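Heads up, the thing below is written out as structure tokens.
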Amino acid sequence: MGYDIAQVARNYERMQGREISYAEMKCNQFVVAVLRASVNPKFPYMLANDFGSSPYFQKVTEPQAGDLVHWPGHIGIVLDPDQGTFIGSQTSTGVAEANYKKGYWNGSYGGKKPDAFLRYTGF
């Protein structure tokens, strides 16, 4: 299931036929859209900080592709846990890949560090 979530996330813009800006789709909206396309079309809308307390996810310490990566106020989808790549909708890029193991998304340059990895457990 995680692999399916990661594949849909990676191909989401191509499936939509266009690039998606942050103004069009915030981080939580992107994750919800991917989950609706990959695991359940009725997946409920939630804000970035709601995923951690959702009964549909379990916190994990070793992320896999398709798990969610959470920061306070931000959420993305892990693509490659060995490399630290994730995809999400960032204010500066819209939907794009980034890295949670280095740079801004690991606390450098005034950025944030991930506070949780969440695995989808079912609807």
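Everything numeric here is computed off the predicted structure, so don't read it as measured data.
Scored by the side-chain contact (heavy atoms from CB on, under 4.5 Å) test, S54 finds M46, Y56, F57 as partners (sequence neighbours excluded). In terms of the side-chain contact (heavy atoms from CB on, under 4.5 Å) criterion, residue partners of K59 (sequence neighbours excluded) are, by chain and number, A116, L118. Contacts of N49 classified as side-chain hydrogen bond (donor to acceptor under 3.5 Å, both in side chains), with partners at least two apart in sequence or in another chain: H70. Checked against ring-ring contact (aromatic ring centres under 6.0 Å, His included), Y12 has the following partners two or more places apart in sequence or in another chain: F30. Remark: R10 pairs with no residue by the side-chain hydrogen bond (donor to acceptor under 3.5 Å, both in side chains) rule, at least two apart or across chains. For N106, there are no side-chain hydrogen bond (donor to acceptor under 3.5 Å, both in side chains) partners two or more places apart in sequence or in a different chain. Looking at residues two or more places apart in sequence or on another chain, you find no side-chain hydrogen bond (donor to acceptor under 3.5 Å, both in side chains) involving E97.
For the pair D4 (side chain) and V39 (backbone), a donor-acceptor distance under 3.5 Å is absent. Without hydrogens or angle criteria, T85 side chain to N99 main chain gives no donor-acceptor distance under 3.5 Å. Without hydrogens or angle criteria, K101 side chain to D82 main chain gives a donor-acceptor distance under 3.5 Å.
Here the straight-line distance linking atom CD1 of I87 with atom SG of C27 works out to 13.0 Å at 0.5 Å rounding.
Other residues sharing the hydrophobic cluster of Y100, ordered by chain and number and joined by side-chain separations under 4.5 Å: V60, V69, W71, V78, F86, Y104, W105, F117.
Side chains of F43 and V31 form no contact here, defined as non-hydrogen atoms less than 4.5 Å apart.
Applying the salt bridge (charged side-chain N to carboxylate O under 4.0 Å, His left out) test to residues at least two apart or on different chains, the pairs with a partner in residues 64-75 are D67-R119. A side chain to side chain donor-acceptor pair (under 3.5 Å) check over residues 13-29, counting only residues at least two apart or in different chains, returns the pairs N11-R14, R18-E24, S21-E24, N28-Y45.
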* To do: Take Q90 and H74 through the test side-chain contact (heavy atoms from CB on, under 4.5 Å) and record every step on the way to the result.
  => CA-CA 9 Å; Q90 284 73 248; H74 190 62; 3.2 Å; yes
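Closest approach of P81 to P63, counting heavy atoms only: CB-O, 3.3 Å. Contact between L79 and A65 at its shortest, heavy atoms only, is O-CB, 3.4 Å.
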